[in-house]
Structure formats: C-alpha cells, structure tokens
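Input: a single structure, listed below in structure tokens.
Reckoned from all heavy atoms, side chains included, excluding hydrogens, waters and symmetry mates. Nothing fancy with the numbering, it's 1 onward along the sequence.
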Amino acid sequence: MPFGITPDTDFSYSHRQHQEALNTLLLALEGGEGFVKITGEVGTGKTLLCRRLLQMLGEGWVTAYLPNPNLDATMLLQALAEELGVALPVTSDPATRPDAFHLLRELNQALLAYARNGQRIVVCIDEAQVLPLEALEALRLLSNLETEKSKLLHIVLFGQPELDEKLRRPEVRQILQRIAFHYRLRGLGREEVGNYVAHRLRVAGYRGEAMFSSGALRVLLRASGGMPRLINILAHKALLASFGEGKTDVKARHVRLAWRDTESARRGLWLW
C-alpha cells in the first residue's frame, strides 16, 4: 500500500527539510559533536529520519537505537549497555544488579575498546521528550567520556517540541549548552505535497497519469497541515472512497470524506 503509516525507508521522500536535517546530522557526527537534536511535531517523520541516518552510517560506526526512553537513569544505562553489546551480570535479585556508577564504568570500558578498534559510537534516542531529568543527566555524564582528541559517544535526540521546553529547565541547562547542531522539522509545502504523493505511488508500482487531482491535493494540504503521517492517513482513506465509487482517480470530495472520517484532522475541517 502506498500510504502506510509505518515508517518504511523504501518510501522515504527526500524533501528539502528532511534532506537538510539529514545533512545536519551527518555533518555533526563527522565533526565529532557529542549532542545533536532534531525536533518536530507529531507525524513530521522523525522516526523515518532516524532510520535513514542509521542506514547511511558506514562500517566504522557502532549504532544503538532506543525507541522508548521513558526509563530511570539506571535502566537507561542498562538498555544502552545491552544495545552496545556490553556483558552485564544476569541476576534476578535487584540488590545485586549493577547501579548507575558501575554501569557507567562498564560503558566507559566498552567505548574505549571500540575507540581502540577505530570505531565510533552513535546513540539515537527516539521520543526523547519523555526522558526523565535524571536520565538526561546520565546522558550528560556519558557524553563526558572522551579521549584526548574526540568524544567516545555521540548522542542524537529525536523528539517533539516538548523536548525543547524540557531542555530549557535550569536542571539540564548543561546539556542545552552542549547541543551545537539542531534542526526543527515542519510540514510539507504546497508543491511538496503533490511530489510526496506521486513519489509514494511510484514506489508502490503505479505508472499511470496523476491519480490525485489538483483540487484533491489542495484539500489534502489543508486537512493535513503538510504533516506526512496525516497525509498518508487521508490519502489512504481517499483512495478507498474513490475505489468504493468505482473510480480510478481521487477528487477533492474523496479527500473531504477522508477528512471527516479522521479524528486527528477534524478540527481543521471545522475551522475551514
């Protein structure tokens, strides 16, 4: 299906913002920056961007991906250790599990071993706006680990705008000062929506004339605000509406039907 909402890099469309964000990430990592931040509203494609980044990094990189970082400091360090292949003692007794101090020490040894082999490590944290403050502090301590010439660990934070608010809090101001590169993803523009829809149809195998009329694309832009996830949901429902009428193209009325049927987009319809 051309408009699935599961992030699939086969369907990735390199519109201007995503390409600028990806270039920012690659530049920051090559420059050895410890912290990089990407923010954007729900549905702007942060997870897909993260997956594209992980795909593009070469063999010299060791990668870790944390999709659900709503963990305390110790659990976050433990999850990171597992992602990086750090051997930890297996025990069912909480009293004998490694604490944050010992986890930091084990991670430091592992990072040094990777560095001696000429490898660099990047940790991508999705939904970073849910990170507790103590977990953010643990990440700051990890980012202190370095050799004489470079950082041992690069951390990329992907999050909603709430992440910016959290990083402005006095308790974590040291992290904010360390973020040298950041990028804010926004919705697609008018021309980009049409190109985005056509691109996904081509990847799915469609080779005919333009399936979505210009009117359908205008309504699609209004209904979605240019957010790729909402575009996918609305375009999929509009295709079903067209199919239900026995049509092979999508008109503005089909998108309006999809708009009325999509709760997350209905407020925009009432305002319109």
Side-chain angles (χ1 to χ4, degrees), residues 6-7 25 28-29 33-40 42 46-55 57 61-115 119-147 151-179 181-182:
T6 301
L25 289 170
L29 294 178
E33 297 298 335
F35 273 98
V36 192
K37 174 172 63 74
I38 302 292
T39 56
V42 175
K46 298 182 295 295
T47 300
L48 183 60
L49 177 64
C50 178
R51 293 184 179 180
R52 286 185 65 195
L53 172 67
L54 294 174
Q55 278 189 347
L57 294 176
W61 286 92
V62 176
T63 61
Y65 174 59
L66 299 181
N68 181 22
N70 190 13
L71 306 166
D72 62 34
T74 302
M75 292 298 294
L76 181 73
L77 293 174
Q78 188 170 344
L80 182 55
E82 291 176 359
E83 278 285 303
L84 295 176
V86 179
L88 297 175
V90 179
T91 174
S92 59
D93 183 4
T96 60
R97 291 175 187 168
D99 57 19
F101 171 79
H102 290 93
L103 285 168
L104 277 170
R105 188 178 64 184
E106 292 296 324
L107 281 166
N108 189 29
Q109 294 301 316
L111 295 177
L112 285 170
Y114 281 126
Q119 295 174 296
R120 291 183 287 177
I121 303 94
V122 59
V123 178
C124 293
I125 300 179
D126 209 353
E127 302 294 343
Q129 75 279 353
V130 303
L131 276 165
L133 293 182
E134 62 173 5
L136 280 168
E137 176 61 15
L139 288 176
R140 185 187 70 81
L141 294 175
L142 269 178
S143 72
N144 287 337
L145 304 177
E146 57 189 9
T147 64
K151 291 283 186 184
L152 290 178
L153 186 68
H154 308 276
I155 300 170
V156 184
L157 303 174
F158 295 87
Q160 295 169 22
E162 292 87 342
L163 175 61
D164 292 325
E165 298 174 15
K166 182 171 286 189
L167 290 174
R168 283 194 289 267
R169 295 182 63 165
E171 304 96 305
V172 289
R173 62 186 181 278
Q174 292 189 59
I175 291 180
L176 185 60
Q177 290 175 355
R178 296 184 185 195
I179 298 174
F181 286 84
H182 61 92

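With sequence neighbours left out, Gln129 forms a side chain to side chain contact (heavy atoms under 4.5 Å, CB included) with Glu127, Gln160, Glu162, Leu163. A search for side-chain hydrogen bond (donor to acceptor under 3.5 Å, both in side chains) contacts involving Gln174 returns Arg140, not counting sequence neighbours. Take Arg178 and apply the side-chain hydrogen bond (donor to acceptor under 3.5 Å, both in side chains) test, not counting sequence neighbours, and it matches Ser143, Asn144. Scored by the side chain to side chain contact (heavy atoms under 4.5 Å, CB included) test, Arg120 finds Glu30, Trp61, His154 as partners (sequence neighbours excluded). Here Lys46 pairs with nothing under the side-chain hydrogen bond (donor to acceptor under 3.5 Å, both in side chains) rule; sequence neighbours left out. By the side-chain hydrogen bond (donor to acceptor under 3.5 Å, both in side chains) test, Glu171 is found to be paired with Arg169, residues two or more places apart in sequence or in another chain being considered. Evaluation of the side chain to side chain contact (heavy atoms under 4.5 Å, CB included) rule for Leu176 yields Leu167, Arg168 as partners, not counting sequence neighbours. Partners of Ala110 according to the side chain to side chain contact (heavy atoms under 4.5 Å, CB included) rule, which considers only residues two or more places apart in sequence or in another chain, are Val86.
For the pair Leu107/Leu84, a side-chain contact is recorded, criterion being any heavy-atom separation below 4.5 Å from C-beta on. Side-chain contact between Asp126 and Leu66 is absent, with no heavy atoms from C-beta onward closer than 4.5 Å.
The side-chain hydrogen bond (donor to acceptor under 3.5 Å, both in side chains) pairs that include a residue from residues 103-115 number zero, where partners must be two or more places apart or lie in different chains.
Between atom OH of residue Tyr65 and atom CZ of residue Arg51 there is a gap of 5.5 Å, rounded to the nearest 0.5 Å. Annotation: the span from Phe158 atom CZ to Leu49 atom CG amounts to 5.0 Å, rounded to 0.5 Å. In this structure, SG in Cys124 is found 7.0 Å from CG in Leu57, a value given to the nearest 0.5 Å. To the nearest 0.5 Å, atom CD1 of residue Ile175 and atom CG of residue Leu133 are 9.0 Å apart. Atoms CG and CG, from Leu152 and Leu142 in turn, are 10.0 Å apart once rounded to the nearest 0.5 Å. To the nearest 0.5 Å, atoms CD1 (Ile179) and NZ (Lys37) are separated by 5.5 Å.
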Exercise. Where do Leu25 and Val36 land on the side-chain contact (heavy atoms from CB on, under 4.5 Å) test, with the steps shown first?
Worked result: CA-CA 7 Å; Leu25 289 170; Val36 192; 3.7 Å; yes
Problem set entry | Residue pair Ile121, Thr63: steps toward the side-chain contact (heavy atoms from CB on, under 4.5 Å) verdict | CA-CA 6 Å; Ile121 303 94; Thr63 61; over 6 Å; no
For this session: Quick one: do Ile38 and Leu157 satisfy side-chain contact (heavy atoms from CB on, under 4.5 Å)? Show the steps, please.
Result: CA-CA 6 Å; Ile38 302 292; Leu157 303 174; over 6 Å; no
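Contact detail for Leu139 and Ile155: the closest heavy-atom pair is O-CD1, 3.8 Å. Annotation for Lys166 and Leu136: closest pair CD-CD1, 3.8 Å, computed over non-hydrogen atoms.
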Table please: side-chain donor-acceptor pairs of residues 67-77 below 3.5 Å, with sequence neighbours left out.
| unit_1 | atom_1 | unit_2 | atom_2 | d |
| --- | --- | --- | --- | --- |
| Asp72 | OD1 | Thr74 | N | 3.2 |
| Asp72 | OD1 | Met75 | N | 2.8 |

